[in-house]
S.K.: 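Questions regarding the structure given below will be posed in turn.
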2 protein chains.
Amino acid sequence: MTTIYDVAKRAGVSVATVSKVLNGYPDVSARTREKVQQITAELGYHPNAVARGLVTRRSMTVGVFFQDHGNRGFRHPFLHDVIASFKDSIGEAGYDLLFLTEHRGNDGVFRGFESRAKQRDVDGLFLLGVPRTNSGLATLSRSQIPTVSVDLDLFGPKASYLCSDNVGGARQAVDHLVANGHRKIAFIGDRFGTKPGHDRMLGYQEALQAHALEYRPEWILEGDFGETSGYRAMRRLLAEAELPTAVFCASDMMAIGAMNAISEAGLHVGEQISIVGFDDIELARYVSPGLTTIRQNTDKMGQRAATELLELMNTTNKPPGVITVETSLVVRGTVRNIA
Amino acid sequence: MTTIYDVAKRAGVSVATVSKVLNGYPDVSARTREKVQQITAELGYHPNAVARGLVTRRSMTVGVFFQDHGNRGFRHPFLHDVIASFKDSIGEAGYDLLFLTEHRGNDGVFRGFESRAKQRDVDGLFLLGVPRTNSGLATLSRSQIPTVSVDLDLFGPKASYLCSDNVGGARQAVDHLVANGHRKIAFIGDRFGTKPGHDRMLGYQEALQAHALEYRPEWILEGDFGETSGYRAMRRLLAEAELPTAVFCASDMMAIGAMNAISEAGLHVGEQISIVGFDDIELARYVSPGLTTIRQNTDKMGQRAATELLELMNTTNKPPGVITVETSLVVRGTVRNIA
DNA sequence: CTGAAAGCGCTAACAT
DNA sequence: ATGTTAGCGCTTTCAG
């Protein structure tokens, strides 16, 4: 391995000088600078960011914890999109992403978020799909590690979080239904009490009130955001004495499951029963009829997360905050106008 | 920040001793060991992997370069699945994943694969979705950095690669069509000459020969693996004087595009024209009719990639190799039996 | 069984 | 403008 000493010797200067040209310091003569640069290229020398980080105390690395409820690791499309956008933005600033896992070290000791972050010396943390129940969260929120999490209300001296405007999004969904003449609207939500699930439920209820619609406990179902749970919830709903004319689902996958249950029952989505989903995943365009849904702006979420984390890491006394990103209604074919 | 010195002082021993208990060396008395462990816990001390890596020359980190042709970064579902599986396997061995980007440093110098890898001191590299034309590939293949790439025939002293059995998979596709009575079979391939595209074309041709089917240049179309390109190719095909009874597409997304073109022309997929795709992405189950396709075993691909890289990194003189993972036929609704 | 000391590759005072 | 040197937090001979 070529080190800064090799370059220094070959160029006939000291390591300090080499370091200075490498880091673009001005107090180096043009002659020396050129000489060093030439040797650097000649030797194919690459400064070692790890050693540099050890002394500067900045690794230019942000740690990512990415889980999803199904324990499917990398496979959640919505969060993927957020990460992709986050990576682009934070990459611009020179940071690389280190994907971390909580685990038991070879000493048998369990290492959670904070421990892993310190171990790897990351400058900040980005959390996605982490359930509220995770035991490492409390310690993390109290720590001084700059952190931003999405869809999880983790708040602390250096911890901001970011969500879509889930309350508003849910209202958009119900409003759209009402605008199309629906007054009997069911809801398939989440049984885990995630922040988004909770807020979408809230928005649903607010909208019911705003439109003076009847609140019917038997029309409130619970799932886990996955297709099967939406299917099951819809089956239960279809067994009720009185059926709603529309159902708002807290995720697209649940909406798709619900659509299957409806077809299976010999009914037609968008005819007897209207459906609105949430997320606007890629699939929503491909099912038939196309799913009307509330779109989460993943690009913007990633960007906002990146700028927030950058500030948390690089601005002293930057107060943490909560960031909300607007949603938008995407009309496709699952809502019928019955006015 | 708590360091090993803090622990040593508090425990009344030397740093060497602390280091030994941290790394589970046997030559420490039970008494000292316990004392140290207790202090470690008390202080909430986390050994710094970066400093450790600097001296041991192993960072326990593997670098990932993940691109896709559409420059959509994290958004390619097939490669996602491979990474997820890879991460699980390599994580077991204690490695974390560092997502790297080629970029221009603040000195204005472009840093490619090798440069970034050395800079970040990774122990190995995993490449996905990197086009053959990337200029950094030649240098990398000559380097001593353990590398495994998927769907890219990068081979070198420490570089293995891994693909599905694309030739065999393509043959499975054509065989299935022939078994259903088809003898006029078109092909929508790839215009970039990627390794998978090339091999699927090869398998198609081999199968034609094996079944003594006619090779018709006007029935060979080219796309870019994306939906739109499949749509366009199908439109061109539909304009031909004589139509095939089936078309084999080198990707599911192209197959889906082709299906749209067929519907739009007033024909029915699985009736007048049969379709077979390649990949078995999630969407394949949801389009209507369900897409018959060749499944790539992403779980196995990730696992094999991980074990190969582990060997390359940890076994001296491990010769590089090329790894092939079998595909399988998934029958859904897009092929009609016309025998 | 334990500790002193050298050094991994680099940066940052501080001299010169 | 350039060089000397002391670390960053850790592991690893090598003595004792």
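Letters go in sequence order (proteins before strands), and every chain restarts at 1. Quick caveat: nothing in here was measured; it's all calculated off a predicted structure.
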S.K.: Between F99(B) and I83(B), is there a side-chain heavy-atom distance shorter than 4.5 Å?
M.R.: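 SC-SC contact between I83(B) and F99(B) confirmed.
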
S.K.: Return no unless some side-chain N or O of Y25(B) is found under 4.0 Å from OP1 or OP2 of dT12(D).
M.R.: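 True: Y25(B) side-chain N/O within range (under 4.0 Å) of dT12(D) OP1/OP2.
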
S.K.: For DNA chain C, whose closest nucleotide is more 5', that of A49(A) or that of S29(B)?
M.R.: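 Taking each residue's closest nucleotide, the earlier one in sequence belongs to S29(B).
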
S.K.: How is D27(A) classified with respect to the nucleic acid when contacts are heavy atoms under 4.0 Å: base, sugar-phosphate, or nothing?
M.R.: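 Base contact.
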
S.K.: Compare the minimum distances between each of dT2(D), dT2(C), dC10(C) and the side chain of K20(B), then state the nucleotide with the smallest one.
M.R.: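 The nucleotide sitting nearest to the side chain is dT2(C).
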
S.K.: Classify the side-chain pair N314(A)/R58(A) by whether it contains a donor and acceptor separated by less than 3.5 Å.
M.R.: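 Checked: N314(A)/R58(A) side chains pair up, N/O donor to acceptor below 3.5 Å.
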
S.K.: Answer with base, sugar-phosphate or nothing: what part of the nucleic acid does V50(A) contact at a heavy-atom distance below 4.0 Å?
M.R.: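 Since no nucleic acid heavy atom lies under 4.0 Å of V50(A), the category is nothing.
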
S.K.: I want to check one thing: is the phosphate of dT2(D), taken as OP1 and OP2, less than 4.0 Å away from some side-chain N or O of T17(A)?
M.R.: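 Checking dT2(D) against T17(A), no side-chain N or O comes under 4.0 Å of OP1 or OP2.
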
S.K.: Could you check Y45(B) against I39(B) for side chain to side chain contact (heavy atoms under 4.5 Å, CB included), going step by step and ending with a plain yes or no?
M.R.: CA-CA 8 Å; Y45(B) 166 74; I39(B) 304 291; over 6 Å; no

S.K.: Among L97(B), L125(B), V122(B), which residue meets the side-chain contact (heavy atoms from CB on, under 4.5 Å) test with V64(B)?
M.R.: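 With V64(B) as partner, side-chain contact (heavy atoms from CB on, under 4.5 Å) holds for just one option, L97(B).
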
S.K.: Whole Å only: how far is the CZ atom of R31(B) from the C1' atom of dC1(C)?
M.R.: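 The distance from CZ of R31(B) to C1' of dC1(C) comes to 13 Å, rounded to the nearest Å.
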
S.K.: Where does the angle between the aromatic ring planes of F126(B) and F86(B) fall among parallel (under 30°), tilted (30 to 60°) and perpendicular (over 60°)?
M.R.: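 If you compare the ring of F126(B) with that of F86(B), the planes turn out parallel.
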
S.K.: Do any side-chain nitrogens or oxygens of N23(B) fall under 4.0 Å of OP1 or OP2 in dT11(D)?
M.R.: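 Answer is yes, contact under 4.0 Å.
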
S.K.: Take a 6.0 Å sphere around CZ of R31(B) and say whether it holds more than 12 heavy atoms from other residues, nucleotides or ligands.
M.R.: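 Not buried by this count: 12 neighbours or fewer within 6.0 Å.
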
S.K.: Could you write out each protein N or O paired with an N or O of nucleotides 5-8 of chain D at a distance under 3.5 Å?
M.R.:
unit_1	atom_1	unit_2	atom_2	d
dC8(D)	O2	V55(A)	N	3.4

